[in-house]
Engineer: 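I have a structure I would like to understand better, so I am pasting it below and will then ask my questions one at a time.
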Amino acid sequence: MSELPKGYEPQAVEEKWYQYWLDRQCFVADPARVGPARPAYAIVIPPPNVTGMLTLGHVLNNTIQDILARKARMDGKEVLWLPGTDHAGIATQAVVERTLKKQGAMKHREELGREKFLEHVWDWKDKHGGIIIQQLKKLGASCDWTRERFTMDPAYSKCVERVFVELYRKGLIYRGKRMVNWDPAARTALSDEEVDMLEEKGHLWHLKYPLLEAAGQTATQEFVAVATTRPETMLGDEAVAVNPQDERYRQLVGRHCLLPLQNKPIPIIADELVDPKFGTGCVKVTPAHDPNDYEIAQRHRLPLTVVIGPDGCMTPAAGEDFVGLDRLEARRAVVEQLTQQGLLLKTEDYVHNVGYSQRSHVPIEPYLSEQWFLKYPSVEPATRCVEAGSEQAPHPDAPGGPESLAPGAIRFHPDRWAKTYTHWMKNLRDWCISRQLWWGHRVPVWYRKPAGQPAAGDPPAPQIYCGTEPPPDAAQWEQDPDVLDTWFSSWLWPFATMGWPERTDTLKAFYPTADLVTGPDIIFFWVARMIMAGYEFMGELPFRNVYFTGIIRDKLGRKMSKSLGNSPDPLELIAKYGADALRFGTMRSAPLGQDILFDEQNVELGRNFCNKLWNACRFRQMVAGPDTPTEGEIDPALLTSDDRWILLRLDTAIREIDAAFAEYRFNEVTQTLYRFFWSEYCDWYVEASKATLANSDRGTPSAEPGAGPAEGAARRANTVAVIDFVLGHMLRLFHPFLPFITEELWQGLGYRESLPADQGGATIMFARWPKPFDDAEKEHFRLDPAAAQSAEAKYDLVSKGRNLRREFNLPAGKKLKFVLKPATDLPAHELEVMRLLLHAETIEIDAAYLPPKGTPLAANALGELYLPLAGLIDAGAERARLTKELGKIQAEIAKAQANLDNPQFTAKVPPHVLEQHQQRLAGWQAKEKQVQAGLANL
RNA sequence: GCGCGCUUAGCUCAGUGGUAGAGCACUUCCUUCACACGGAAGGGGUCGCAGGUUCAAGUCCUGCAGCGCGCACCA
């Protein structure tokens with residue numbers, strides 16, 4: 001690159017490099033390359049809905065995965081990031097149904113029939129599926145796209161069927177008529193996990209049921225009072241229950257009352273389930289519409305009267321006044337009729353929790369139906385591997401190491417989710433896996449069609465066939481119409497995507513995977529079930545670390561939602577700011593384990609950051625010239641204090657970044673990167689380096705006494721070598737977060753030159769991750785803390801000098817003359833750096849300087865810096881300034897002195913802390929003297 | 001009811017016992033030859049409240065309050 005444009009323009013750059021990486025197969029994982037020297041590293045993507053669109057949640061989640069994958073590649077691992085999509089049964093079917101209805105193609109899917117309808121869904125999938133994959137590419141995701149999988153791929157579907165059959169044969173899958181969570185909008189059963197309990201302000205209606213003398217006889221004047229939140233269900237009541245211990249009602253047990261509106265005698269029964277302390281102590285029993293009531297009905301052999309149908313409307317059994325009404329309309333109608341008949345005792349306001357379908361957002365209807373259930377497999381190892389709260393456990397070995405089922409084998413980040421996981425695992429209830437949908441994996445079970453002539457004797461037991469292939473005499477059988485819960489396919493994701501049940505090379509090399517990145521909202525749906533499936537079908541855990549992201553919310557803390565319209569389109573943000581900016585801004589504001597309040601300003605900050613990085617590299621091109629090679633040797637003898645300081649800061653940054661990565665603290669990594677690059681490299685080092693660089697530019701000899709032009713050029717080259725060293729390291733540190741701009745600069749500035757192709761020569765993607773200096777290197781470059789201290793003292797004095805400029809309202813552009821009364825020897829080069837940083841015309845060194853009365857001063861360990869401004873200074877203002885500073889200093893002295901005067905402190909504190917405090921005190925005392933002298937001089 | 005999290009600058013949040021931090025916003029100044037998507041300086045904090053442990057607490061412990069979330073639910 002000969003010349004860089006003034007600002008960074010991401011659009012052209014991003015497209016170009018993504019294609020470059022694809023062309024060179026940089027994302028492709030090869031199991032053959034895995035070996036002891038090149039460990040495998042694998043992540044499987046949480047498959048997004050195939051017809052979904054990219055959200056900020058996806059951005060966060062996939063950026064983290066991409067960072068992990070890119071970092072692992074730079075660490076020399078063979079990386080597989082396996083992508084794919086999920087068929088998302090209910091969501092996808094609902095979208096297609098809605099669209100077809102809107103188009104007038106059907107009123108209900110039954111009109112089209114299963115085959116026709118599924119054709120439409122596949123059409124939809126072909127049209128909209130894969131959009132999200134394209135969007136992930138825009139984000140820079142380095143997935144191995146050659147291995148993209150879909151949960152409805154033929155091979156994947158075979159895995160699902162195989163697993164069903166295996167679990168069926170083990171007796172873990174069974175069919176049963178049960179009370180399930182019914183979604184009347186989607187008209188399907190749901191699992192317990194798909195029901196959200198939402199607090200709702202409702203009513204408690206107290207109803208009067210007239211007592212009968214005996215069954216079928218006339219009513220007495222007596223009543224039983226029952227309370228309900230759902231009066232419409234009373235149409236299906238089959239009993240009134242009381243607690244057998246309840247003295248108040250004992251004499252009623254065995255009698256009957258008359259169910260109002262239905263005019264049906266129902267018995268009064270005794271059951272332990274009734275809490276005598278709640279309400280009236282009498283419970284109406286609706287066996288077909290309440291799970292508890294169903295249990296009671298089983299025990300008492302009560303009939304089931306279904307009054308609410310699968311569509312949420314009242315059935316004919318509800319009576320002609322109510323049939324066809326929606327359940328909420330029916331509620332109003334029932335209350336009205338009971339009121340008219342004087343059977344409504346009272347209505348109380350009542351706050352209670354109502355189950356809502358997570359999918360359709362309508363109230364769940366408990367509904368009795370025939371469903372398939374799974375008794376969870378491998379619960380014991382799956383519980384144990386997470387249970388032990390992995391905090392103290394050592395970081396697991398790289399994948400491929402010896403396997404164990406030890407507690408702590410899977411680590412959660414943050415760890416606290418382990419508790420949630422364990423709690424759920426210990427209270428498992430069988431999983432309802434059948435769905436009354438068409439889009440999904442059809443239950444691989446066939447029922448024998450009724451024979452033409454049933455035998456005269458006892459009817460033959462229904463015959464069931466379960467297999468991955470249809471039964472041989474298929475014509476005699478009918479397949480179960482239901483499909484399986486989507487999660488029943490995605491729980492196989494980590495191995496079904498790698499060729500299972502074959503022991504493929506991929507599976508051997510990359511399973512178990514290293515990290516899983518997902519949201520805590522699917523810890524039960526997906527994470528827990530994957531762990532169980534891993535143990536059950538692979539015999540080992542599916543991953544070693546689970547990183548739980550926070551939930552992205554808007555500025556006001558609300559969840560992102562379509563209806564609120566508060567969910568920005570990530571692609572628009574990428575178009576506006578660049579993918580790197582979106583990634584960096586998101587990661588910077590995403591602390592481990594906390595929700596993220598999204599603000600577009602974060603992305604703007606990311607863009608500004610990229611622009612700054614761009615310009616820092618532009619500066620390098622400008623001062624060194626585009627043709628200067630980037631691998632210049634650093635000569636330790638020529639290093640300035642600024643050089644040594646920035647190399648030490650780089651060393652510190654690398655160490656901090658490594659530590660943060662080890663704990664998945666990505667926002668900490670970004671903060672360190674930000675601080676090092678902006679506050680340390682740009683703000684101080686680049687500015688200080690201009691002293692060396694500009695000097696030689698002007699062709700004047702170095703300010704160093706005795707240095708000739710040749711040495712000036714050598715110093716200049718050395719500074720460029722330091723700049724290149726720092727930038728080359730920095731680009732690599734930034735790469736996992738900012739893949740595009742770092743590649744552009746890596747290639748453009750020539751850092752790839754002279755490197756082997758597989759170590760950064762072809763792409764920064766495979767450049768080696770920077771290492772901190774070892775002791776020998778530190779020794780070689782003389783990078784001791786003292787080297788840094790002199791630079792820092794200089795920067796401190798510069799800041800104070802600049803402050804003088806501000807305090808006395810001297811415009812930033814005005815060249816000033818300073819006088820320095822040095823406390824130590826100060827090399828000419830150091831002085832020149834100070835002069836530049838202070839934007840001073842000159843700094844005069846005068847050890848015997850006697851400042852005119854009222855000359856403002858800034859002081860630290862380097863000496864006293866005066867700003868002689870004869871006659872310009874308001875003595876009062878200067879006194880106020882110095883007095884304020886003195887106050888600060890004396891407060892610090894008092895604090896330090898108090899500690900050091902405390903015998904407890906000096907006796908118990910560790911030596912290095914004691915020394916710290918002593919030095920601090922001495923430092924403040926020296927400053928106190930300088931400031932006091934300044935005050936005296938006024 | 002049980003569990004988890006949060007409470008630090010105007011806002012959003014880092015902070016891992018040892019001198020209270022960042023970004024944005026604010027005030028003032030500067031278009032100085034990398035960058036105005038920039039630079040410089042500055043103002044702004046009894047770290048939710050009350051106890052305790054410690055030489056030392058924003059940080060550890062206990063209790064309380066407010067907010068949020070999860071699980072479990074009695075009609």
Side-chain angles (χ1 to χ4, degrees), chain A residues 4 6-8 197 204-205 226-230 233 241 273-286 290 292-293 350 352-353 414 416-417 419-420 423-424 427 520-521 523-524 551 553 555 557 577 581 585 588-589 591 593-599 601-602 604-623 659 663 665 667-668 671 674-675 679 682-683 686-687 690 694 697 798-800 802-807 809-815 836-837 839 892 895-896 899 902-910 912-914 916-917 920 924:
Chain A
L4 298 172
K6 192 171 174 183
Y8 174 56
M197 301 301 285
L204 198 57
W205 284 274
V226 295
T228 181
T229 53
R230 303 192 56 196
T233 63
L273 207 66
V274 179
D275 177 0
K277 290 192 284 294
F278 186 87
T280 61
C282 297
V283 180
K284 59 189 271 312
V285 179
T286 321
D290 183 278
N292 289 327
D293 293 4
Y350 189 61
H352 61 140
N353 290 314
R416 66 184 142 87
W417 291 109
K419 206 166 184 174
T420 306
H423 182 257
W424 187 76
N427 294 280
D521 48 335
I523 187 167
F524 310 137
I551 292 165
R553 299 169 178 280
K555 250 195 288 201
Y577 299 105
R588 197 174 169 283
S589 56
Q594 300 301 328
D595 286 356
I596 296 109
L597 298 201
F598 182 83
D599 188 336
Q601 278 190 340
N602 292 328
E604 203 179 317
L605 178 136
R607 180 208 46 190
N608 295 354
F609 189 81
C610 290
N611 191 59
K612 185 86 173 172
L613 181 60
W614 182 260
N615 277 287
C617 290
R618 211 161 76 92
F619 173 75
R620 185 271 170 207
Q621 289 304 71
M622 220 189 68
V623 296
E663 293 173 29
R665 297 175 172 273
N667 76 311
E668 223 169 272
Q671 271 165 11
Y674 194 102
R675 184 204 68 214
S679 309
C682 290
D683 286 353
V686 167
E687 297 305 321
K690 287 175 183 172
D697 260 0
V798 165
S799 289
K800 290 195 161 94
R802 287 166 173 173
N803 173 255
L804 293 183
R805 186 190 276 276
R806 273 294 316 143
E807 290 288 340
N809 281 323
L810 300 163
K814 189 174 165 72
K815 292 271 183 185
L836 263 173
L837 294 177
H839 205 245
E892 293 296 338
K895 264 202 288 189
N899 274 333
N902 182 350
Q904 298 273 19
F905 178 82
T906 45
K908 293 191 179 177
V909 91
H912 74 276
V913 174
L914 183 64
Q916 232 175 48
H917 280 254
R920 206 178 293 153
W924 287 118

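The chains referred to below are lettered A, B, ... by the order of the sequence lines, with proteins before strands, and numbering in each begins at 1.
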Engineer: Contact class for A/Glu892 (heavy atom, under 4.0 Å): base, sugar-phosphate, or nothing?
Structural biologist: base

Engineer: Using atom P of each nucleotide, how far apart are B/U16 and B/C24 to the nearest Å?
Structural biologist: 23 Å

Engineer: Mark yes or no for whether A/Arg607, through its side chain, and A/Tyr8, through its backbone, hold a donor-acceptor pair below 3.5 Å.
Structural biologist: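 No: the side chain of A/Arg607 does not pair with the backbone of A/Tyr8.
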
Engineer: Classify A/Asp275 by what it touches in the nucleic acid, base, sugar-phosphate, or nothing, heavy-atom distance under 4.0 Å.
Structural biologist: base

Engineer: Need one value for A/Asp683: base, sugar-phosphate or nothing, where a base atom within 4.0 Å counts as base even if backbone is also close, heavy atoms only.
Structural biologist: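 A/Asp683: backbone/sugar contact only, no base atoms under 4.0 Å.
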
Engineer: Taking any heavy-atom pair under 4.0 Å as a contact, classify A/Tyr350: base, sugar-phosphate, or nothing.
Structural biologist: sugar-phosphate

Engineer: When both hydrogen-bonding distances must be under 3.5 Å and the geometry is Watson-Crick or G-U wobble, what is B/G17 paired with, if anything?
Structural biologist: none

Engineer: What is the distance, rounded to the nearest whole Å, between atom NE2 of A/His839 and atom C1' of B/A41?
Structural biologist: 15 Å

Engineer: What is the distance from CG of A/Leu605 to C1' of B/A25, rounded to the nearest Å?
Structural biologist: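 The answer, rounded to whole Å, is 13 Å.
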
Engineer: Separation of A/Arg802 atom CZ from B/U28 atom P, in whole Å?
Structural biologist: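 Between P of B/U28 and CZ of A/Arg802: 21 Å.
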
Engineer: Roughly how many Å apart are B/G39 and B/C47, using the P atom of each and rounding to a whole number?
Structural biologist: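 These two P atoms come out 32 Å apart once rounded.
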
Engineer: Where the side chain of A/Met622 is defined as all heavy atoms beyond and including C-beta, which of B/C71, B/A41, B/A34 is the nearest nucleotide?
Structural biologist: B/A34

Engineer: Hey, is the side chain of A/Lys800 poking within less than 4.0 Å of OP1 or OP2 on B/A40, counting only N and O atoms?
Structural biologist: no

Engineer: Step by step, work out the side-chain contact (heavy atoms from CB on, under 4.5 Å) result for A/Glu663 and A/Glu668.
Structural biologist: CA-CA 10 Å; A/Glu663 293 173 29; A/Glu668 223 169 272; over 6 Å; no

Engineer: Using both distances under 3.5 Å as the test, list the Watson-Crick or G-U wobble partner of B/U31, or none.
Structural biologist: none

Engineer: Could you work out which one of B/C33, B/U28, B/C35 sits closest to the side chain of A/Arg806?
Structural biologist: B/U28

Engineer: Could you tell me how far B/C60 sits from B/G1 if I compare only their P atoms? Round to whole Å.
Structural biologist: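 Here B/G1 and B/C60 have their P atoms 27 Å from each other.
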
Engineer: Mind checking if A/Pro910 touches a base, just sugar-phosphate, or nothing, with heavy atoms under 4.0 Å?
Structural biologist: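 Contact class for A/Pro910: base.
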
Engineer: Looking only at N and O atoms, is any donor in the side chain of A/Glu687 or the base of B/A34 less than 3.5 Å from an acceptor on the other one?
Structural biologist: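 Flag set: donor-acceptor pair detected.
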
Engineer: Rounding to an integer number of angstrom, what distance separates B/G38 and B/C11 when you compare their C1' atoms?
Structural biologist: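 Comparing C1' positions in B/G38 and B/C11 gives a spacing of 23 Å.
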
Engineer: Classify the nucleic acid contact of A/Arg588 as base, sugar-phosphate or nothing, counting any heavy atom under 4.0 Å across all strands shown.
Structural biologist: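 Sugar-phosphate, no base atom in range.
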
Engineer: Would you indicate, yes or no, if B/A22 has its OP1 or OP2 atom less than 4.0 angstrom from a side-chain nitrogen or oxygen of A/Ser679?
Structural biologist: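 It does not, given that no N or O in the side chain of A/Ser679 lies less than 4.0 Å from OP1 or OP2 of B/A22.
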
Engineer: Looking for any heavy atom pair under 4.0 Å, which part of the strands does A/Val226 touch: base, sugar-phosphate only, or nothing?
Structural biologist: nothing

Engineer: With a non-hydrogen cut-off below 4.0 angstrom, is A/Lys277 in contact with a base, only sugar-phosphate, or nothing?
Structural biologist: nothing

Engineer: Would you say that A/Leu204 contacts A/His352 through its side chain, given a criterion of any heavy-atom pair below 4.5 Å between the two side chains?
Structural biologist: no

Engineer: Expressed in whole Å, how much space separates the P atoms belonging to B/G17 and B/U12?
Structural biologist: 27 Å

Engineer: Of all the heavy-atom pairs spanning A/Asp290 and A/Asp293, show the shortest one and how long it is.
Structural biologist: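 Between these two residues, the closest heavy atoms are OD1-N, 3.0 Å.
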
Engineer: Please report the distance, rounded to the nearest Å, between CZ in A/Arg416 and C1' in B/G3.
Structural biologist: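 My rounded result for the distance is 12 Å.
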
Engineer: With respect to the phosphate group of B/C74, does any side-chain polar atom (N or O) of A/Asn292 fall under 4.0 Å of OP1 or OP2?
Structural biologist: yes

Engineer: Which part of the nucleic acid does A/Cys682 contact within heavy-atom distance under 4.0 Å: base, sugar-phosphate only, or nothing?
Structural biologist: base

Engineer: Any strand counts, and the cut-off is 3.5 Å on both contacts for Watson-Crick or G-U wobble. Which nucleotide pairs with B/G63?
Structural biologist: B/C49

Engineer: Closest to the A/Thr420 side chain: B/G42, B/G70, B/G39?
Structural biologist: B/G70

Engineer: Please determine, for B/C4, whether a Watson-Crick or G-U wobble partner exists with both distances under 3.5 Å, and give it or none.
Structural biologist: B/G68

Engineer: By nearest atom, which of the nucleotides B/G23, B/C37, B/A36 is closest to the A/Tyr674 side chain?
Structural biologist: B/G23

Engineer: Between A/Phe278 and A/Tyr350, how do the two ring planes meet: parallel, tilted or perpendicular, split at 30° and 60°?
Structural biologist: perpendicular

Engineer: Any chance the side chains of A/Arg618 and A/Asn615 put a donor and an acceptor closer than 3.5 Å?
Structural biologist: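 A pair is found: one side chain offers a donor N or O, the other an acceptor, under 3.5 Å apart.
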
Engineer: Contact class for A/Arg618 (heavy atom, under 4.0 Å): base, sugar-phosphate, or nothing?
Structural biologist: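 Counting heavy atoms under 4.0 Å across all strands, the contact made by A/Arg618 is with sugar-phosphate only.
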
Engineer: Given B/G18, B/C35, B/A41, which nucleotide is nearest the side-chain atoms of A/Phe905?
Structural biologist: B/G18

Engineer: Under 3.5 Å for both donor-acceptor distances, Watson-Crick or wobble: does B/G42 have a partner, and if so which one?
Structural biologist: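 Paired with B/C26.
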
Engineer: Look at the side-chain N and O atoms of A/Lys690 and state whether any lies under 4.0 Å from the OP1 or OP2 oxygen of B/A34.
Structural biologist: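 Checking A/Lys690 against B/A34: at least one side-chain N or O falls below 4.0 Å of OP1 or OP2.
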
Engineer: Rounded to whole Å, please give me the gap between NZ in A/Lys612 and P in B/A34.
Structural biologist: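 Result: 11 Å.
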
Engineer: Among the nucleotides B/C24, B/C71, B/A75, which one has an atom lying closest to any side-chain atom of A/Gln601?
Structural biologist: B/C24

Engineer: Which value, in whole Å, describes the distance between the P atoms of nucleotides B/G23 and B/C6?
Structural biologist: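 Looking at atom P only, B/G23 and B/C6 are 24 Å apart.
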
Engineer: Determine the Euclidean distance between corresponding C1' atoms of B/U7 and B/G48; express it in Å to zero decimal places.
Structural biologist: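 These two C1' atoms come out 6 Å apart once rounded.
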
Engineer: With a 3.5 Å limit on both atom pairs, tell me what B/A56 is paired to, counting Watson-Crick and G-U wobble, or say none.
Structural biologist: none

Engineer: To the nearest Å, give me how far apart CE (A/Met197) and C1' (B/C71) are.
Structural biologist: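 Going from A/Met197 (CE) to B/C71 (C1'), I get 10 Å.
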
Engineer: Remember a base hit wins even if backbone is also touched, and classify A/Thr280 as base, sugar-phosphate or nothing at under 4.0 Å, heavy atoms.
Structural biologist: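 A/Thr280: no heavy atom of the nucleic acid under 4.0 Å.
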
Engineer: OP1 or OP2 of B/G15 versus the side-chain N and O atoms of A/Arg665: is any pair under 4.0 Å?
Structural biologist: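 Looking at the OP1 and OP2 atoms of B/G15, one of them is under 4.0 Å from a side-chain N or O of A/Arg665.
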
Engineer: Going by modelled atom types, is there a donor-acceptor pair between the base of B/C4 and the side chain of A/Lys419 at under 3.5 Å?
Structural biologist: no

Engineer: If each of A/Cys610 and A/Pro276 is mapped to the nucleotide of RNA chain B with the nearest heavy atom, which maps nearer the 5' terminus, i.e. the 5' end?
Structural biologist: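 The residue closer to the strand's 5' end, by nearest nucleotide, is A/Cys610.
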
Engineer: Quick one, A/Lys690 with A/Phe619, criterion side-chain contact (heavy atoms from CB on, under 4.5 Å). Give me CA distance, side-chain angles, the key distance, then yes/no.
Structural biologist: CA-CA 10 Å; A/Lys690 287 175 183 172; A/Phe619 173 75; 3.7 Å; yes

Engineer: On RNA chain B, does the nearest nucleotide to A/Asn902 precede the nearest nucleotide to A/Asn608 from the 5' side, or the other way round? Give the residue.
Structural biologist: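 That would be A/Asn608.
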
Engineer: B/C24 phosphate, OP1 or OP2: any side-chain N/O from A/Asn602 under 4.0 angstrom?
Structural biologist: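 Checking B/C24 against A/Asn602, no side-chain N or O comes under 4.0 Å of OP1 or OP2.
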
